[in-house]
2 protein chains.
Amino acid sequence: MNKGTLKYIAKELGLSASTVSRVVNGKYEGNEKTKQRVLDALEKHSYIPNEVARSLQKSSTETIAVVLPDISETFFGTIVKEIENEVSDSGYMLILADTHEKAEKERKYLDILYKRRVDALVLATIDSSGDAVSKFIANDIPVVFIDNIPKLDGISAITIDNKKAGQIAVDYLLSCGHRQIATIIGSTSETTGADRLAGYCSALSDNNIEKNDSLIKFGDYKLDSGYKAMCELLDNRNKAPFTAVFVTSEQMTYGALRAIRDRSLNVPDDISVIGFDIHNLKDDRRQMITTIRQPEDVIGKNVGELLLKYLSENDTAKEETRIFLEPFLQKGDTVKKL
Amino acid sequence: MNKGTLKYIAKELGLSASTVSRVVNGKYEGNEKTKQRVLDALEKHSYIPNEVARSLQKSSTETIAVVLPDISETFFGTIVKEIENEVSDSGYMLILADTHEKAEKERKYLDILYKRRVDALVLATIDSSGDAVSKFIANDIPVVFIDNIPKLDGISAITIDNKKAGQIAVDYLLSCGHRQIATIIGSTSETTGADRLAGYCSALSDNNIEKNDSLIKFGDYKLDSGYKAMCELLDNRNKAPFTAVFVTSEQMTYGALRAIRDRSLNVPDDISVIGFDIHNLKDDRRQMITTIRQPEDVIGKNVGELLLKYLSENDTAKEETRIFLEPFLQKGDTVKKL
DNA sequence: ATTATAATAGCAAACGTTTGCAAAAGGTGG
DNA sequence: CCACCTTTTGCAAACGTTTGCTATTATAAT
């Protein structure tokens, strides 16, 4: 028999594994002396329970899966940190999967994570169908979406109000005197992109400005697509003039800024730019990019709290929860007052 | 008996669990027809193996623990991403622990991770004693250190050459004509801080410049300590004048810059600054902080490769491996040529 | 037809726990 | 001294797999 196991220690003491187990878990109700004996033996062997065996028996791994498109982004890093901070006291740990923004990888990971019997799932999906999570939902494993929300009923999600994000951005540009406002949108097949575009449109129409479709370009959230979209906008500038552009992802913002610079144009004198999710460096000393921000820390905290709530209700069906947090404007130096 | 298990499906087929298990794992050598029958049944029930049970039986969880002081830092985020990228094809997943730069939390997490029987450990420790990892090492669980290296024999580590980092920084400042160079060091009780300081000192002495202890300040890697250290340097500036400062962590660099700005001094005209681990924004358009950088992606990739190597040598003792990668200088606009 | 051999499938132990139930031991009162 | 009640401990099944060995059956060789 293997050393270091409950059984082994039990045998050495001439006791049963049951007794030792109960002592280990503080459920022992017997004689004080034997309790002490067991405790001493545990100490002597520096006994460490095998959580794998425990998980099998209890059918609960105390593990929460977090599936994200890119952990190296500060946005997701902060969310992960806050979730971890929230759930760690209850003994849960995080298992991490980075999908590299690939739907295929996402599906593969979700399959593996299901096999691994994680207790809950946090998912920043890029697969709007939501197919791959059905197994989780069918088996009452709590799922919380962040960022994109798939078109499914009865799911929980914590994100910002992306429509409002678009409105705030455009309203600010309007308040600075801009009237011809372009935008670069990520894929509209997911909610984040679609909603941000909706916000852009509604802010314009609320101010009786007609939407101009040639001022709306689409990308894929990545840097190159932002660059390309910006080039198209600039190439078409005499037909469809604009003084400001609202870019809806961090990487696309960098791409757009680079495109502008490559044409030797100046920000904000020639073109004003408002970005998204830009984490300006914290020395607040140098030129900063004006940006829409999401409260990542609050998102993470809320996700953690919701998970703990779900995980403590062991039996009942989880009630759908949707929280939409407020995006906010962080003013910088890339928008010019006209 | 529970539905969806091997046993259940086996019973339904009138076969034994062994047979079904072997089919599932591609180890079946029997009759083609029964193989098909089993396959069909698996398909029909959409059988999903329970990895927890598997782990218990195989005493291997296919899980690698990554313990870090702060996952929201791009530096660590990138390392994690690269490790994950490297090991995921082999079926390993990452379990993440954020120690919030607290030795106590680190110890607690290491205990838990040991219980959870992770197959390997990546550790950016802040506890130079290395006590908490002894269990892992004693049980032949591969451990790879990044960032700090504790004072232990026979351990593997992948970091940069921190002494060289200090030298590069100081050499660059010297080449720009600076002769009075201050530095702000993180704790010297860990290797990163101590080595960077050693590099600073050796670069000075190599150039026959006498070290001035009042130009060496210590912090704890965090922003406030950088601010405070910089204030002390500035307050003492007529007694111990300097034209440049080398700050050895990202957060302390921001703190130092802020302190300089709060005194209405200009960077780089009044004081030149060279930072550490600064991730300048990628639009390469605006003023950037001159900084020493580490090749996080290479570090992560190397860690992943080493782990896979260790994990494939199931029996033999793991040979100690130490890789010191090259830090590099990223020139920005915060160092003035005198 | 008999025996040797190969092909096929199952038994049962093992991995390390937890826990409902039952048994043994000890104690109390009549 | 017996019946009964507590207290203390153990049995054994369960969680869902994997795998060495063995048993059965089919096939081939003599």
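Quick note on labels: first sequence line is chain A, next is B, and so on, each numbered from 1. These numbers come from the heavy atoms of this one structure, side chains and all, not from hydrogens, waters or symmetry mates.
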Could you tell me whether the side chain of N85(A) and the main chain of K81(A) form a donor-acceptor pair under 3.5 Å? no
Is the shortest side-chain N/O distance from S21(B) to OP1 or OP2 of dT17(D) below 4.0 Å? no
In whole angstroms, the gap separating P of dT17(D) from CG of L42(B) amounts to 10 Å
For the pair N50(B) (side chain) and A53(B) (backbone), establish whether a donor and an acceptor sit closer than 3.5 Å, ignoring hydrogens and angles. yes
Considering only dG10(D), dG16(C), dT18(D), which nucleotide approaches the side chain of L15(A) most closely? dG10(D)
Could you tell me whether a side-chain N or O of D147(A) sits under 3.5 Å from a main-chain N or O of A124(A), the two making a donor and an acceptor? no
Nearest whole angstrom, please: distance from the P of dT7(D) to the NZ of K27(A). 20 Å
Check every strand shown and say whether S55(A) touches a base, only sugar-phosphate, or nothing at a heavy-atom separation below 4.0 Å. nothing
Let me know the distance between CD of Q57(A) and C1' of dT18(C), rounded to the nearest Å. 4 Å
Calculate the interatomic distance between L6(A) atom CG and dG10(D) atom P; express it in whole Å. 13 Å
From dG10(C), dG20(C), dC11(C), nucleotide with atom closest to R22(A) side chain: dG20(C)
Closest to side chain of K7(A), choosing from dT17(C), dG16(D), dT18(D): dT17(C)
Donor-acceptor contact below 3.5 Å, side chain D98(B) vs main chain I71(B): yes
Taking only side-chain N and O atoms of N31(B), does any of them lie within less than 4.0 angstrom of OP1 or OP2 on dA7(C)? no
Nearest whole angstrom, please: distance from the P of dT17(D) to the NZ of K115(A). 11 Å
So which one's nearest nucleotide on DNA chain D is more toward 5', G30(A) or K58(B)? G30(A)
List the steps and the verdict of side chain to side chain donor-acceptor pair (under 3.5 Å) for N31(A) and R37(A). CA-CA 10 Å; N31(A) 188 308; R37(A) 274 180 63 220; over 6 Å; no
dT17(C) phosphate, OP1 or OP2, under 4.0 Å from Y47(A) side-chain N/O: yes
T19(B) side-chain N/O to dG10(C) phosphate OP1/OP2 under 4.0 Å: yes
Nearest-Å distance, NE2 (H45(A)) to C1' (dG16(C))? 16 Å
Taking for each residue the nucleotide of DNA chain C bearing the nearest heavy atom, is the 5' side occupied by E29(B) or by S18(B)? E29(B)
Atom CZ of R37(A) and atom C1' of dT8(D): how far apart are they, to the nearest Å? 13 Å
Atom-pair distance (CD on E51(A); C1' on dG16(C)), nearest Å: 11 Å
T5(A) side chain N/O closer than 4.0 Å to the phosphate oxygens (OP1, OP2) of dG16(C)? no
According to a strict under-4.0 Å criterion, is N50(A) in side-chain N/O contact with OP1 or OP2 of dC15(C)? no
